[in-house]
Amino acid sequence: MITSSSKPSLPVITLDNDEKWDCHQCGFCCRGSLIPLSRDDLTRLQSQKWGEQPEFQGRSAITVRYPGAESSFRLAHQADGSCVFLSESGGCRIHSKFGGQAKPTVCQTFPFQLIPHEQKAVLTVRLACPSAAASLGSPATNQLPFIKQLVRDGRLKADPIAPPTLKTGELRDWKTVSKVLASVAGLLQDQRYPPVRRLVHALQFASLLEAAKTKNLNDLQIVELVQTLANLAPEESKLLFEDRREPRSYAKIMFRFMAIDCARLHPLCRHQSKWAARFQLMETAFKVVRGTGDSPVIGQVFDKINFADLERPLGVLSSEVYRPLTRLIETTSASYLYAIADRREWSVVESIRGLAILFPVGLWLMRWLAHGRDPAVQDMVNIVVALDRSQGYAPLAGGIHRWRLSALSAHAELERLVVWYAR
């Protein structure tokens, strides 16, 4: 992330939308996060002589090695999993003593992330920060000069990368892949339809593209096909909304496992010791497969609830409650984050499915979190934080999750899950 490259850096731009953020010192990013350090970061920390500070007397090292990596370091954690520099008042000790520019680069730039496209790098705001999920603060464009300077200094990378595969085993150049990603973004931001319809359109587009015999088509033919499929997807989706059939049992089991993984990433979740967590994991797995009776308790945030209550219609929510979740889908598709930054081994088709499943998961978690009361905007903000974090979370970016999404897509169960839980 921080080393310089021999390739010329891409020009950095922002999205043409209303992304906003300011730090409100919630301290969430300082709890449970792994902060990688560059050589410059290590040198800067050493010059600050933290070992001589009274609060660090007798404390173990402020940095630790990554397992299996001899030259890679990260910031150490306190016993509760928070950053070694997080103070009792919730502030950063480095920032308080030396200023913001003395912090590690990752800490200076979060929640901003650079997403390389074909001829540019897009600066986007990760909604893994509660303030960003709530769209609180100044326009992202205000940070553009600072980010560009970090790129010029070699502290941030804005380098060209290989495009994601179009489908499993099918490579195309950036010019072609970007047309596909732009078509997906167009479907997911089409204001003529409600968000749930847009997601099903994108899933239908992915299925049609996967089924098409494209290996022998040239790039121009691929682009023409993509335009045709994007126009066809809304028509193909009508039957799913007319039918609204309940997903099959196996689909619900897979869905619950994915949703539970996301629930653990809620910003207010506090997790147990390793042994207690292992026992709870076995108990949770049993209850998730059964899907009846009482649910497990997750992180002292998601209380016990009857699984039947998670199947009932959520009802009509206000647009303000929906907005953080809709924003997540729109900005992630506009920046191409879902297809590039967190799942680089996935094809575009697989990444579309990985993004779409976040919407029903979010509404399922809302049923759980707000059970017995009216859902609030802050509920959805915290859920969106978890959903955004899930895009880089190993259990939801690996082979098992890819297999689940593929299995669900084989018989349109993924689309039915989206429609069912948007009720």
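Every value quoted in this text rests on a predicted model; they were computed, and no experiment measured them.
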Check your understanding: For the residue pair W50 and F98, does the interplanar ring angle fall in the parallel (under 30°), tilted (30 to 60°) or perpendicular (over 60°) class?
Key -> perpendicular

Next on the checklist: Could you check whether any side-chain N or O of S390 sits under 3.5 Å from a backbone N or O of L387, counting only pairs where one atom can act as donor and the other as acceptor?
Outcome noted: yes

Exercise for review: Answer with yes or no whether the side chains of E19 and T124 bring together a donor and an acceptor at under 3.5 Å.
Suggested key: yes

| query | Is the backbone N or O of I329 less than 3.5 Å from a side-chain atom of T332, with the two atoms forming a donor-acceptor pair by type? | reply | no

Can D153 and K148 be counted as an ion pair, charged N to O under 4.0 angstrom? no

Rounded to the nearest 0.5 angstrom, the CD-CD1 distance for E118 and I161 is 12.0 Å

The side-chain contact (heavy atoms from CB on, under 4.5 Å) partner of V385 among P130, P111, S131 is P130

- Before giving the answer on side-chain hydrogen bond (donor to acceptor under 3.5 Å, both in side chains), spell out for S38 and D41 the whole-Å C-alpha distance, their side-chain angles and the decisive distance to 0.1 Å. CA-CA 5 Å; S38 69; D41 292 332; 3.2 Å; yes

Interatomic distance, CZ@F257 vs OG1@T284, rounded to 0.5 Å, equals 9.0 Å

Rounding to 0.5 Å, atoms CG (L408) and CZ (R416) come to a distance of 11.5 Å

Query raised in the report: Taking side chain as C-beta onward, heavy atoms only, is V223 less than 4.5 Å from Q221?
Result: no

Does any N or O in the side chain of S82 come within less than 3.5 Å of the main-chain N or O of L86, such that one atom is a donor and the other an acceptor? no

query: Does K179 reach the main-chain N or O of V226 with its side chain, forming a donor-acceptor pair under 3.5 Å?
result: no

Exercise. Is the distance between the ring centroids of F110 and F28 less than 6.0 Å?
Worked result: no

query: Can R197 be said to sit on top of F241's aromatic six-ring, NZ or CZ under 6.0 Å from centre and within 45° of the ring axis?
result: yes

Report task. Flag the pair R198 and D190 as a salt bridge only when some basic side-chain nitrogen lies within less than 4.0 angstrom of an acidic carboxylate oxygen. Result -> no

Any ion pair linking K252 and E413 (charged N to carboxylate O, less than 4.0 Å)?
-> no

| query | Under 3.5 Å, side chain of R327 to main-chain N/O of A133, donor-acceptor pair present? | reply | yes

Flag if over 12 foreign heavy atoms under 6.0 Å of CG, D374 | no

Ring centers of Y421, F255 separated by less than 6.0 Å: yes

In terms of heavy-atom contacts, does CD of Q101 have more than 12 from other residues, nucleotides or ligands at under 6.0 Å?
no

With a 4.5 Å heavy-atom cut-off, do L203 and S409 have their side chains touching? no

TODO: May I ask you to check whether T228 and N231 show a side-chain donor-acceptor distance below 3.5 Å?
DONE: no

To the nearest 0.5 Å, atom CZ of R323 lies from atom OG1 of T326 at 6.0 Å

| Check: V122 main-chain N/O paired with Q113 side-chain donor or acceptor under 3.5 Å | no

CD (Q48) and CZ (R44) are apart, to the nearest 0.5 Å, by 7.5 Å

Could you check whether any side-chain N or O of S33 sits under 3.5 Å from a backbone N or O of I35, counting only pairs where one atom can act as donor and the other as acceptor? no

*asked:* Within a 6.0 Å radius of atom CD on Q149, are there more than 12 heavy atoms belonging to other residues, nucleotides or ligands?
replied: yes

_NZ/NE/NH1/NH2 to OD/OE distance under 4.0 Å, R172 and D219_ = yes

Please report the C-alpha distance between Q227 and S183 in whole Å, then the side-chain angles of each, then the deciding distance to 0.1 Å, and finally whether the side-chain hydrogen bond (donor to acceptor under 3.5 Å, both in side chains) criterion is met. CA-CA 7 Å; Q227 293 172 343; S183 293; over 6 Å; no

Value for CG (L166) from CG (D173), rounded to nearest 0.5 Å, stands at 10.5 Å

*Hey, can you tell me if H117 and W174 have their rings parallel, tilted or perpendicular (30° and 60° cut-offs)?*
parallel

Taking C-beta and beyond as the side chain, do L365 and F302 meet within less than 4.5 Å on heavy atoms?
yes

Would you say W346's side chain and A397's backbone share a donor-acceptor pair under 3.5 angstrom?
yes

task: Take R402 and E350 through the test salt bridge (Lys or Arg N to Asp or Glu O under 4.0 Å) and record every step on the way to the result.
output: CA-CA 7 Å; R402 291 171 74 180; E350 291 171 321; 3.1 Å; yes

**No-hydrogen, no-angle side-chain donor-acceptor test under 3.5 Å, T105 and R155** = yes

Under 3.5 Å: donor-acceptor pair, side chain of N382, backbone of D379: no

Exercise. For S295 and K304, run side-chain hydrogen bond (donor to acceptor under 3.5 Å, both in side chains): C-alpha distance rounded to whole Å, both residues' side-chain angles, the deciding distance at 0.1 Å, then the answer.
Key: CA-CA 5 Å; S295 72; K304 189 179 295 184; over 6 Å; no

**Prompt:** Are the side chain of E415 and the backbone of V200 linked by a donor-acceptor contact shorter than 3.5 Å?
**Reply:** no

